[in-house]
> 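Got a structure for you, questions after.
Note that the numbering runs from 1 along the sequence shown for the chain. Quick note: numbers below take in every heavy atom, side chains included, and nothing from hydrogens, waters or symmetry partners. Predicted model only: the values in this text are computed from it and were never measured.
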Amino acid sequence: MITVVVPIFNEQDNIKPLLDEITQAAKLVPISEIIYVDDASTDNTYDTLTALRDDFPALRILKHQKNAGQSAALWTGVKNAGNDIVVTLDGDGQNNPADIPLLYAKYENEKAATPQIMVMGERTKRNDSWIKRKSSKFANRIRAALLKDNTRDTGCSLKLFKRRDYLNLPYFNHMHRFLPALMMRDGIKTIHVGVSHRPRVSGVSKYGTLDRLTAGIVDLWGVFWLMKRGRRTFETTEIIDAEEFDNVHIANFT
């Protein structure tokens, strides 16, 4: 079963339309839980969510007492998810829940050969301002060159992954921007699927171009450091003599 996690901050007008669309997607894929994490909104986001609880039985509501940012809200949602498979998407309505079946189909096709997978949406056409598109394109090029994460659009929030794989990652603020590299560091295969992207209908963006740039530079070098000191995994080899070695495996670094 799938848990959909939606971090949200001051998006009161986008909640009901997005919940309707997630519910429609649940007719095609096994979504049994929708977790909204209210990151200490200052509008009527929380009241709107609680008023909709009876209309959407799968809805669970979590609330931060203090604003902690998107990465913290995502971590709270994934930590509290009741299913092993998690899908994340933004609460502004620009990600289309109708694309969730595309990610799930890819996961189903690949999981037998590669149990550890993250399937990521890659926006085929962005509906954002000119400056946001250009700055993201520049940042993606720098990040990809340094981290070698084979990802052109890490900013797309529509992603599918295993809950335990995510919770094994080192947590830090803004980590959501570097999930492909962090997953690869743990030996998890990343797969890209083309998805749609819609213009924002209600509300305003909560992130400025300068904010992303200044935080991103520091974070990028931190993730680069983590990649250079990635986890070492062990590959177990056949025991040569079970009696002599008393059932102790010989492990080789990979």
> For P17, enumerate each residue passing the side chain to side chain contact (heavy atoms under 4.5 Å, CB included) test, keeping only those at least two apart in sequence or located in another chain.
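With neighbours one apart ignored, the set is empty.
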
> Looking at E122 and K159, does any basic side-chain N land under 4.0 Å from a carboxylate oxygen?
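Salt bridge flag = no for K159 with E122.
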
> Quick one: list whatever passes side chain to side chain contact (heavy atoms under 4.5 Å, CB included) with S71, sequence neighbours left out.
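Once residues adjacent in sequence are excluded, the partners of S71 under the side chain to side chain contact (heavy atoms under 4.5 Å, CB included) criterion are Y171, N173, M175, H176.
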
> Please name the residue in the list D90, T45, V37 that meets the side chain to side chain contact (heavy atoms under 4.5 Å, CB included) test with I8.
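Of the listed residues D90, T45, V37, the side chain to side chain contact (heavy atoms under 4.5 Å, CB included) partner of I8 is T45.
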
> Whether the side chain of D39 engages the backbone of F9 through a donor-acceptor N/O pair (distance < 3.5 Å, no angle test) should be reported.
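Checked: no pair found.
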
> Got a sec, which residues hit side chain to side chain contact (heavy atoms under 4.5 Å, CB included) with I117, two or more places apart in sequence or on another chain?
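If we apply the side chain to side chain contact (heavy atoms under 4.5 Å, CB included) test to I117, skipping adjacent residues, the hits are Y107, E110, K111, T114, V119, I191.
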
> Is there a path of hydrophobic side-chain contacts, each under 4.5 Å between heavy atoms, that joins L169 and F172?
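Yes, because L169 and F172 connect within a single hydrophobic cluster, where side-chain heavy atoms sit under 4.5 Å apart.
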
> Using modelled atom types and a 3.5 Å cut-off, is there a donor and acceptor pairing between side-chain atoms of T50 and backbone atoms of D47?
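Pair found, side chain donor or acceptor close to backbone of D47.
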
> Where the side chain of N95 meets the backbone of L89, is there a donor-acceptor pair that is under 3.5 Å apart?
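Absent.
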
> Return each pair, listed once, that meets salt bridge (charged side-chain N to carboxylate O under 4.0 Å, His left out) where at least one residue sits in residues 72-89; pairs must be two or more places apart or across chains.
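Listed once each, the pairs are D84-K162, D84-R164.
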
> For E33 and G82, indicate whether the former's side chain and the latter's backbone hold a donor-acceptor pair under 3.5 Å.
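Judged by distance alone, yes, a pair lies under 3.5 Å.
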
> Pick one: which of D38, N44, T42 meets side chain to side chain donor-acceptor pair (under 3.5 Å) with N10?
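By the side chain to side chain donor-acceptor pair (under 3.5 Å) criterion, N10 pairs with just one of D38, N44, T42: T42.
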
> Going by the rule side chain to side chain donor-acceptor pair (under 3.5 Å), which residues pair with T48 if we only count those two or more places apart in sequence or in a different chain?
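Once residues adjacent in sequence are excluded, T48 has no partner under the side chain to side chain donor-acceptor pair (under 3.5 Å) criterion.
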
> Residues two or more places apart in sequence or in another chain: which of them pass side chain to side chain contact (heavy atoms under 4.5 Å, CB included) with D20?
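Only K16, F56 meet the side chain to side chain contact (heavy atoms under 4.5 Å, CB included) criterion with D20.
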
